[in-house]
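A short worksheet on the structure shown next.
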Number of protein chains: 2
Amino acid sequence: MKNCAHKHSHQRQEMSALTGRLRQQSCKITGPRAAILEILRQHPHPLTNKEIFASLPKGGCDLATIYRAMQLLEKLGMVKRFDFGDGAARFELVGEGDDGHHHHLVCTRCAEVVEIGECFPSEIENRIARANGFKAVTHRLEFFGLCPGCQT
Amino acid sequence: MKNCAHKHSHQRQEMSALTGRLRQQSCKITGPRAAILEILRQHPHPLTNKEIFASLPKGGCDLATIYRAMQLLEKLGMVKRFDFGDGAARFELVGEGDDGHHHHLVCTRCAEVVEIGECFPSEIENRIARANGFKAVTHRLEFFGLCPGCQT
DNA sequence: TTTCAATTGCAAACCGTTTGCAATTGGGTG
DNA sequence: CACCCAATTGCAAACGGTTTGCAATTGAAA
């Protein structure tokens, strides 16, 4: 299955590399898209569409455009969608060749997010898949707790 | 942390035990609530509010009432909320004394759900918590894949 | 049976997300 | 460099799940 042992290279990707990936798919490099990619580049953390919207330079673009851009980027594998269970999707830029699979530790009080290197042991996942006859099994895993600052 | 080794006793709970738990909290045993508990008793699987609504005998109750009932039951720990990432919350009855913590394997095509006995190793969870100074750490974990019948 | 807080139904409000459509625009082409 | 058209955007309306205000209803304690 998935290999979770690799480092999640969070070194900022070059803008040219990002736009190149778009161009390869005959997608236009528009103002809104460039601005969105720039925001994602600057925030190595999962961002909601609304947060991206708020971070956009004045006169940014429509919220709907961000939703559409994130759908596109996700489909192209340039962005990974995360779900912290609060009803809002979050996105993180993914390195080329990487699948972006990793997990987070989220503070249930202040929403601080820490990226986690650990992953669910694939031997166990494989066993679960086999035991139930499932194929192409992945998992969604997030941790929740109280961060140092929020422990009363 | 959590003990994941116990069996998830899915033997149906007595209706009287359920209503008793409600009564203890000075909550009324109303028609809608009894009907909802009955549905949950009969379905040892995560159900959405809409599914509960649809399973209700004719002339059931308002959808809003179900939402309110599930909120109450969750607060009382009688029901556990699950999130399969499709935007709809799902609920399962929880045995008395149990915390209901467990996971599922969900078919991404037909939505079949299998309950999983395995859990994320608590030693690893503890290590993650300690390493980041977090307290009271839990996790949300679900598996997704193609069930035997959906593998083309 | 009386009584009152708890609960319900209904409709409107909310929130994140999607979509139809006309206007705009990137970027390959001549 | 001007042209052209498919790709993209803004805007507003629609959507699906969930919540809420309020007046009417109802358990169950006394």
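Per chain, numbering begins at 1; letters A, B, ... match sequence-line order.
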**Request:** Take atom CG of A:Asp83 and atom P of C:dG16, then tell me their distance rounded to the nearest Å.
**Result:** 14 Å

**Request:** With the side chain of A:Arg33 defined as its heavy atoms from C-beta on, choose the nearest nucleotide among D:dT19, D:dT8, D:dT18.
**Result:** D:dT8

**Request:** Would you kindly give the CZ-to-P distance between A:Arg23 and D:dT8, to the nearest whole Å?
**Result:** 12 Å

**Prompt:** Between A:His139 and A:His101, does a side-chain contact (heavy atoms from CB on, under 4.5 Å) hold up when you go through it step by step?
**Reply:** CA-CA 9 Å; A:His139 58 270; A:His101 181 87; 3.2 Å; yes

**Request:** Side chain of A:Ala88 only, please: which of D:dA6, C:dT7, C:dG16 is the nearest?
**Result:** C:dG16

**Prompt:** Does OP1 or OP2 of C:dT8 have a side-chain N or O of B:Thr30 closer than 4.0 Å?
**Reply:** yes

**Asked** Which one, C:dT17, C:dG9, D:dT9, comes nearest to the side chain of A:Tyr67?
**Response** C:dT17

**Item:** B:Arg68, nearest nucleotide to its side chain (from D:dT8, D:dA28, D:dT20)
**Value:** D:dT20

**Item:** Nearest-nucleotide pick for B:Ala64, side chain only, options being C:dA11, D:dT18, C:dT8
**Value:** C:dA11

**Message:** Rounding to an integer number of Å, can you tell me how far B:Phe91 CZ sits from D:dG17 P?
**Reply:** 13 Å

**Request:** Check the distance between C:dG26's C1' and A:Gln25's CD and give it to me in whole angstrom.
**Result:** 17 Å

**Request:** Write down the distance between CG (B:Leu22) and P (C:dA6), rounded to a whole number of angstrom.
**Result:** 14 Å

**Prompt:** Atom NZ of B:Lys75 and atom P of D:dT19: how far apart are they, to the nearest Å?
**Reply:** 13 Å

**NZ/NE/NH1/NH2 to OD/OE distance under 4.0 Å, B:Arg140 and A:Glu142** = no

**Request:** Report yes if the side chains of B:Leu73 and B:Leu22 come closer than 4.5 Å at any heavy-atom pair, otherwise no.
**Result:** yes

**Message:** Strictly below 4.0 Å, N to O, side chains only: are A:Glu118 and B:Arg127 in salt-bridge contact?
**Reply:** yes

**Asked** Of the candidate nucleotides D:dT8, C:dT7, C:dG27, which contains the atom at the shortest distance from the side chain of B:Lys28?
**Response** C:dT7

**Item:** Distance, rounded to the nearest Å, where B:Ile29 contributes CD1 and C:dA5 contributes P
**Value:** 19 Å

**Request:** Ignoring the backbone of A:Asp62, work out which of D:dG10, D:dT18, C:dA6 is nearest its side chain.
**Result:** D:dG10

**Request:** May I ask you to evaluate whether A:Thr65 reaches the phosphate of D:dG10, defined as a side-chain N or O under 4.0 Å from OP1 or OP2?
**Result:** yes

**Message:** What is the distance, to the nearest angstrom, from the CG atom on B:Leu63 to the P atom on D:dT19?
**Reply:** 11 Å

**Message:** Side chains of B:Leu141 and B:His102, heavy atoms from C-beta outward: is any pair under 4.5 Å?
**Reply:** no

